[in-house]
Every structure is written in C-alpha cells, then in structure tokens.
Amino acid sequence: MTPAEVVAHTYRRIRERGDDGVWISLRREADVLRDLDGLDPALPLYGVPFAVKDNVDVAGMPTTAACPAFAYRPERSAPLVDRLVAAGALLIGKTNLDQFATGLSGTRTPYGACESPLVPGLISGGSSSGSAVAVAAGLVPFAIGTDTAGSGRVPAALTGTVGLKPSRGLVPTLGVVPACRSLDCASVFARTVADATAVLRVIAGPHPDDPWSRTPPPRKPGGGPSTRIGVPRTPEFFGDGAAAEAFAAVTERLAGLGHEIVPVDLTPFLAAGRLLYEGPWLAERLAGVGDFTTRHARDLHPVTRRVLESGRSISGAEVFGGLHRLRELRAATAAEWARIDALAVPTVPTTFTLAEMAEDPIGRNTILGHYTTFANLLDLAAVAVPAGLTPAGRPHGVTFLAPAGSDDFLATLGAGFLGEKAESQAPAAQAPAGGTVPLAVVGAHRVGQPLHPHLVALGARFAAVARTAPCYRLYDLGDRPGLVREEGGSSVEVELHEIEPAALGELLVTIPAPLGLGTVELSDGRRVRGFLCEAYAVGSARDITGLGSWPAYLAAGRA
C-alpha cells in the first residue's frame, strides 16, 4: 500500500474499533495526509503512522496526562516528537494512560480502561496502556510510551507487543509530564524488536535544554561462545502456576539457543524496586505535578490521589536515607553483573482481569511491578518481548535487562529470542523473520479477535494488512467468516501474519470444517497460504462481501 492508503486504512481500523478507551485525542485524517505531502520518501520513517502517550507534548494538541482538569495546550512539541516527524513519521493521535503515569494497570483513567486485545476482560497494563493497545490491535506500527516503574514493559507483556525501555537519558524527556523526573524514560512499543530499535535510533540523543539527557557509554557483554543470562534463583509468581510453567519454558528456550543460564539472587534488585513506592520517590512523584493535587484534589482519580498524597509525609531525612540505601543496593547488584551479561525475568509474574484489578488496585499494581520497578533505580536498560501464552491461555512475556549503555546488545538478545533480525529499515516495511511464510488471516484469528492468541502461541507475528484479488466473497458462518473464491467476486481485506512452516501444520489440525488452509491470491498478484472455506457450506450463509472485512461487519452490528 502507498503511504496515503496506509493512512486511510489506519483511520478505517480506528473507526471499526470504535470508542474503546485507546485514544484521548485523534488528529483529523485530512491533516495527517497534508503532513504527508512533500515528504521525502528517502526519510527513515517515511509515511509510517504512529501515536504518542498523552503525557508527551505535541504542539497544538492538549496534553491531559489523563486528567482533564490538568490539560494544557503546548506551543512546542517534545523533542522526541519533533525527531519522529522530521524522520517522516505521521502522528495519528494521543493515547490513554494511567493518570499522571502513576500505575501499571491501565485502569486509573477517566477516559475508560483499555482492555488487552489478546484476552477479553484482561487489563492491558499501564501506564502506557493506549500506546500498547494501538500497536497490538494493528492500528499503528509503533507508538511512544513512557517508563518509570515498568510502564513501557508491563503493557507489552499483556498485549503481546515489544516494549523497549532505553537507558535513562538516552531519549530526552523534555516535554514529557514528569512522573519521577530523575527516573523517567521514553519508551517504544512495536511489533518487532527491529522496528522498536529503528525508532529508538531516530529519537535517541541528548538535547541541550534537557538536564537529564545523556549519552551512556556503550557496554559490551562478556566474552565467551555464549551469553551468560541470569534468571531468578527462586522466581515468584504469586500462586500463578501457569505463569511459572511459561517462564520455565522461556528458560529452556534460552538454554536451547546456546546461552549459559546462571541462577541469580534477586534480593537486592527487588529491595531496590520496593523503594519506588515504599520510599522517598513518592515525594518526587508529588513534586512532578506541583501543587495541582492540592488545588484539584477532587479532579484526581481516587487511586492516583491516594498514591500521590502518600508523598506528603516524607521528610528530608527520609529522602537522604533512601538515596543512601539505593547506593548500597547498587553495590550489591554490581556483584551479580560480574557474573552475568544480561538478566532475564518474567515481565509480569501474573495477570489480572479488569474486575480483579478493581478489587485491589494498589496491592495488585505492586504485584504487576514485581520485576519492573527496580530497572530505572538501578540504571538498567531493558527490552520486553512476548513469550506466547501460558497453559491457562494468558499472555506471557520476558524482559531482558543490562546496565545502561547495553541497548544494542539487549536488542540483539531480544530479537534472537523471537527468531527475528535485529535490523530494520522502517516499521512500515518490516522484514519477516527468517524461515517464515505469510499467512492470510480473514476473521477469528485476526488481531483482537477471539482466536488470535492461538496464532501468538504458535509464534506468528502480525506483518501487514492486505487485500485479496477481486475474485472472492465473504460469508457469515456464525462465529467466524468464510472466504470463498468465486466468479464475480470482490476484493476482501485480510491480515498477513508471518509464521514458521512447521507451525502451519499445528494450526491446520485445529481448524474445523468447512474451513481449511489453501492458496489465497492477493491484489498485488502474490499467492500466499490463507484461510478458505469450502463452497458447499455457504449456500444459505449471509454474503457480507460488501462490507469489505469481518471486523467491519462486526462493527456494523451484523445488521
């Protein structure tokens, strides 16, 4: 598709999904197309749509931080947004978040809690909830979030996306509403590590007006034929046996890739993480929004208000005590880094539904951050990648961490775990992982549909949206559609997913008649494997070809 067609498709997908809490503000399609006019096609992100979390300034658009009473309209964009636009990327809109980026669930917002596209009723994770869901649902190829306590990693695990948290200061946070200014990072959500890395290369680099920006010295991993990867000696899953099984499989996969597995005592790491919400950094969170909480207490989300208000009682002596304790814990973790090149942990120890989160919003938030809150306090870079589904059908993810300056090394490690290349020209033109084939997906296995987790579990990765040649018809078979090749047919929208050939056999045996896998001809002349229906089964079925796609038919209420 041309960039203009990609923009049109993006807005069509957004309209099909409706008001689901992902977006706080959208730009007009005509304005985005106007931005496309005159862009140099040679730009590294030419014509790639993207979104930003609504605690990041965009000139002329309101910044709300998910608190309408706080909203302001900045005259200047954050430097990271300027860099993306200068590289040819097209800003679509601003996404939902936990208010003031305080939370890891995606539920502390007046704009509606985001739901994971992978499992109905499951939280999306936060605070960068809308950015992660926008990528997971195929609305944009990449999105910008932030990450202070895990906000760029927890949503990645719960939505099956890649969450890249760079070294602190590598990306300027000027023009970002602070959560904890000394710890804040911008983050990138994408479908692949390669795409996230391509975006990071555009937005990285110090800014003269940002006192927190820096260029960490590159750090090379230890020598030897394999990478020494530390894993928790006694991992904690808070009673989630299925998550424990999934991480055991992760560890086995890492060993199978040739890495040396080194058990690590996480005690000092976890102790550092607890300082973020049990120590003086709560006062820094309060300082980040000034006296707004005093003047507008009633405008805050109740849980956000409870968290921020707890910072008022912290004394100066406690602040210095926390800084001294953190210094001790950094020294304790340094001994572990002498033994390992990277640390691999479950991104989240367990998952929660929206209803479960509402029962104990603070306690379960703490559980979600068990393996994430220590990263920025200990000055670590990280990349979170999906690791399929647990035996209970919940998404599982793994995060690789290493000291600041290890960003390229971690990208290579994460990409290797996913079986993809670490290099990419641009998210819109991502290269398929080696040894995969394209699969045309029509209905129930599409992103956001009930059977999509089955594809994720088989290692399939969303690649693009395409259309068939004008010789197919689409029928409603009840819980899924049937695509049939017929004379006088039309062009139907499909999703292309990259999948290993061996996984096609595993998929085939799960497909009930009258559906199966066959050869689908695309509008550009390519022939790919895809879902097809036997003609005998559609005699009395409803022809829905005119609506163009299964999601469009569902969005129309099947009327």
Side-chain angles (χ1 to χ4, degrees), residues 20-24 50-56 65-66 94-109 111-119 121-166 179 184-193 195-196 199 345-354 357 361 364-365 367-373 375-376 382-387 394-399 414 447-448 453 456 462:
D20 58 1
V22 173
W23 305 94
I24 288 181
F50 76 103
V52 298
K53 184 177 180 178
D54 193 29
N55 62 342
V56 179
K94 305 189 76 177
T95 55
N96 202 352
L97 66 151
D98 281 311
Q99 193 173 76
F100 292 117
T102 300
L104 293 172
S105 65
T107 63
R108 301 175 184 176
T109 168
Y111 295 99
C114 293
E115 185 177 280
S116 171
L118 299 181
V119 179
L122 192 72
I123 62 170
S124 62
S127 62
S128 308
S129 51
S131 291
V133 174
V135 173
L139 304 180
V140 289
F142 77 91
I144 298 299
T146 60
D147 190 316
T148 302
S151 297
R153 290 162 282 156
V154 171
L158 287 160
T159 62
T161 55
V162 169
L164 190 157
K165 188 210 78 67
D184 293 341
C185 292
S187 68
V188 182
F189 294 95
R191 302 181 189 119
T192 67
V193 176
D195 287 351
V199 173
V345 297
T347 305
V348 293
T350 187
T351 59
F352 299 109
T353 64
L354 293 167
M357 203 70 209
R364 286 175 175 160
N365 189 89
I367 291 173
L368 289 171
H370 186 75
Y371 291 111
T372 62
T373 52
N376 285 339
V383 60
V385 299
R394 295 289 181 87
H396 187 69
V398 58
T399 295
V447 172
V456 175
F462 176 89

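A distance-only check finds no donor-acceptor pair linking the side chain of Thr347 to the backbone of Arg153 [under 3.5 Å].
Contact between Pro155 and Thr161 at its shortest, heavy atoms only, is O-OG1, 4.3 Å. Shown here for Val135 and Ala143, the closest heavy-atom pair between the two residues is CG2-N, 3.7 Å. A pairwise comparison of heavy atoms in Gly160 and Pro386 identifies O-CG, 3.8 Å as the closest pair. Scanning both residues, Ala101 and Asn55, for their nearest heavy atoms gives CB-ND2, 3.9 Å. Scanning both residues, Pro166 and Cys185, for their nearest heavy atoms gives O-SG, 3.8 Å. In plain terms, the two heavy atoms of Val188 and Ala196 that are nearest each other are CG1-CA, 3.9 Å.
Looking at Val199 and Phe142, their side chains come closer than 4.5 Å, going by heavy atoms from C-beta outward. Side-chain contact between Thr399 and Val383 is absent, with no heavy atoms from C-beta onward closer than 4.5 Å. A 4.5 Å side-chain heavy-atom check between Thr107 and Pro361 finds every atom pair outside the cut-off. In this structure the side chain of Pro349 reaches within 4.5 angstrom of the side chain of Tyr371, judged on heavy atoms. Looking at Leu104 and Ser127, their side chains never come closer than 4.5 Å, going by heavy atoms from C-beta outward. Taking the side chain as every heavy atom from C-beta outward, Asp195 and Pro141 never approach each other to under 4.5 Å. Phe352 has its side chain within reach of Ile367: a pair of non-hydrogen atoms, C-beta onward, lies under 4.5 Å apart.
Salt bridge Asp54/Lys94: present, at least one basic N to carboxylate O contact under 4.0 Å.
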Would Asn376 and Lys165 satisfy side chain to side chain donor-acceptor pair (under 3.5 Å), going step by step from the backbone distance to the final call? CA-CA 9 Å; Asn376 285 339; Lys165 188 210 78 67; 2.8 Å; yes
Can you list the steps and then say if Thr95 with Lys53 is a side chain to side chain donor-acceptor pair (under 3.5 Å)? CA-CA 5 Å; Thr95 55; Lys53 184 177 180 178; over 6 Å; no
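Between the side chains of Thr351 and Arg394, at least one donor-acceptor pair of N or O atoms lies under 3.5 Å. A donor-acceptor pair shorter than 3.5 Å cannot be found between the side chains of Ser129 and Asn96.
Going from atom CG of Asp98 over to atom CG of Asn365 covers 7.5 Å, rounded to the nearest 0.5 Å. Distance check: Cys114 SG to Leu354 CG gives 9.5 Å after rounding to the nearest 0.5 Å. Separation of atoms CG (Leu368) and OG (Ser151) is listed at 10.5 Å; rounding is to 0.5 Å. Atom OG of Ser131 sits about 11.5 Å away from atom CG of Leu139, to the nearest 0.5 Å. Atom-to-atom distance recorded for Ser128:OG and Phe189:CZ is 4.5 Å, nearest 0.5 angstrom. Here His396 contributes atom NE2 and Thr350 contributes atom OG1; the two are 10.5 Å apart, rounded to the nearest 0.5 Å.
A side chain to side chain contact (heavy atoms under 4.5 Å, CB included) with Leu97 is found for one member of Ile24, Thr109, Val56, Thr102 and no other, namely Ile24. When the options Val133, Ile123, Val119 are evaluated for a side chain to side chain contact (heavy atoms under 4.5 Å, CB included) with Leu158, the one that passes is Ile123.
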